[in-house]
Amino acid sequence: MALKATIFKAEIQIADMDRGHYADYALTLARHPSETDERMMVRLLAFALHADPALVFGKGLCVDDEPDLWQKDLTGVIERWIDVGQPDERWVRKACGRAREVVVLAYGRALEVWWSGVRAKLERQAGLHVIELGREQTAELARMAERTMRLQFTILEGQVLITNGRDSVVVEPRRLLGV
């Protein structure tokens, strides 16, 4: 018998002063049985960093040809493709061929090894942005995971303050590739 996804509900308030985007979102996230709280929360952070009414979560780890999040225009053209973790460089290059912009929010233990192995191959890709998230910061963010969450994301000068009313985490994304 296959394990089912765990459903999480997140009400998030975003004050992105860098982009001038202020909005509230009611989101439903399905966490695949093999997905960690850390990865799920990084997906939620990715949503907050690129929030837009047209941005949606992909079908998850069980679907090979979809990103973690994506944004399409009204004609179905993929404007933004967002993956989290340390995706295979062939997968990233394929995404660059399908979308106008590709964003990878990279995090995890072997991040330096992954980046040194794929950097030369990915530097030539147009429209690709690779952003590093610190291990301690994503681990703290994972501790905020609850089945029902109310979170505030404040984004100013590249820093992200996430709070749930009890705890707060400051995440400082670092750009590895892209403008």
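One-based numbering along the sequence shown.
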How long is the gap from [atom1] on [X] to [atom2] on [Y], to the nearest 0.5 Å?
X: Leu44; Y: Arg39; atom1: CG; atom2: CZ; value: 13.0 Å
X: Glu89; Y: Lys94; atom1: CD; atom2: NZ; value: 13.5 Å
X: Arg135; Y: Arg109; atom1: CZ; atom2: CZ; value: 6.5 Å
X: His32; Y: Met40; atom1: NE2; atom2: CE; value: 14.5 Å
X: His50; Y: Leu55; atom1: NE2; atom2: CG; value: 8.5 Å
X: Leu176; Y: Glu123; atom1: CG; atom2: CD; value: 10.5 Å

**Prompt:** So, Trp91 versus Asp83: side-chain donor-acceptor pair below 3.5 Å or not?
**Reply:**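 Yes, side-chain donor-acceptor contact under 3.5 Å.
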
**Message:** Under a plain distance cut-off of 3.5 Å, with no hydrogens placed, do Lys9 and Thr28 share a side-chain donor-acceptor pair?
**Reply:**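 A pair is found: one side chain offers a donor N or O, the other an acceptor, under 3.5 Å apart.
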
Less than 4.5 Å apart, any side-chain heavy atom of [X] and any of [Y]?
X: Leu122; Y: Leu128; result: yes
X: Asp37; Y: Phe8; result: yes
X: Asp24; Y: Ile12; result: no
X: Trp81; Y: Leu69; result: no
X: Glu132; Y: Leu111; result: yes
X: Ile82; Y: Pro67; result: no
X: Phe57; Y: Leu29; result: yes
X: Met144; Y: Met149; result: no

Donor-acceptor pair, [X] side chain versus [Y] backbone, under 3.5 Å?
X: Glu66; Y: Gly58; answer: no
X: Trp114; Y: Pro87; answer: yes
X: Glu11; Y: Leu27; answer: no
X: Asp16; Y: Gly20; answer: no

**Message:** In this structure, would Ile155 and Tyr22 fall into the same cluster of hydrophobic residues linked by side-chain contacts under 4.5 Å?
**Reply:** no

**Item:** Glu35 and Arg31: CA distance, side-chain angles, deciding distance, salt bridge (charged side-chain N to carboxylate O under 4.0 Å, His left out) verdict
**Value:** CA-CA 6 Å; Glu35 184 176 34; Arg31 191 186 73 199; 5.6 Å; no

**Message:** More than 12 heavy atoms of other residues, nucleotides or ligands under 6.0 Å from CZ of Arg175: yes or no?
**Reply:**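 Correct, the count exceeds 12.
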
Closest non-hydrogen atom pair between [X] and [Y], with its separation:
X: Ala54; Y: Asp52; value: N-OD1, 2.8 Å
X: Ala30; Y: Ala5; value: CB-CB, 4.0 Å
X: Ala142; Y: Met41; value: CA-CG, 4.1 Å
X: Pro173; Y: Gly158; value: CD-O, 3.2 Å

**Request:** Determine, step by step, whether Leu49 and Phe153 satisfy the side-chain contact (heavy atoms from CB on, under 4.5 Å) criterion, reporting the C-alpha distance in whole Å, the side-chain angles of both residues, the deciding distance to 0.1 Å, and the verdict.
**Result:** CA-CA 9 Å; Leu49 287 170; Phe153 291 81; over 6 Å; no

For residues 160-171, dump all side-chain donor-acceptor pairs below 3.5 Å to protein atoms at least two apart in sequence or in another chain.
unit_1, atom_1, unit_2, atom_2, d
Thr163, OG1, Gly165, N, 3.3
Thr163, OG1, Asp167, O, 3.0
Asn164, OD1, Arg166, N, 2.9
Asn164, OD1, Asp167, N, 2.7
Arg166, NH2, Glu146, OE2, 2.3

Indicate every side-chain donor-acceptor pair of residues 97-107 with a distance under 3.5 Å to a residue at least two apart or in another chain.
unit_1, atom_1, unit_2, atom_2, d
Arg98, NH1, Asp65, O, 3.2
Glu101, OE1, Arg80, NE, 2.7
Glu101, OE1, Arg80, NH2, 3.0
Glu101, OE2, His129, NE2, 3.3

**Message:** Between Gln125 and Arg93, does the side-chain contact (heavy atoms from CB on, under 4.5 Å) criterion hold? Intermediate values first, please.
**Reply:** CA-CA 7 Å; Gln125 298 300 312; Arg93 286 184 303 155; 3.4 Å; yes

**Request:** Compute the ring centroids of Phe47 and Tyr25, then answer whether they are less than 6.0 Å apart.
**Result:**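 Yes - the distance between ring centres of Phe47 and Tyr25 falls below the 6.0 Å cut-off.
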
**Message:** Test side-chain contact (heavy atoms from CB on, under 4.5 Å) on Leu133 and Arg174; report intermediate values, then the result.
**Reply:** CA-CA 7 Å; Leu133 303 174; Arg174 187 173 76 95; over 6 Å; no

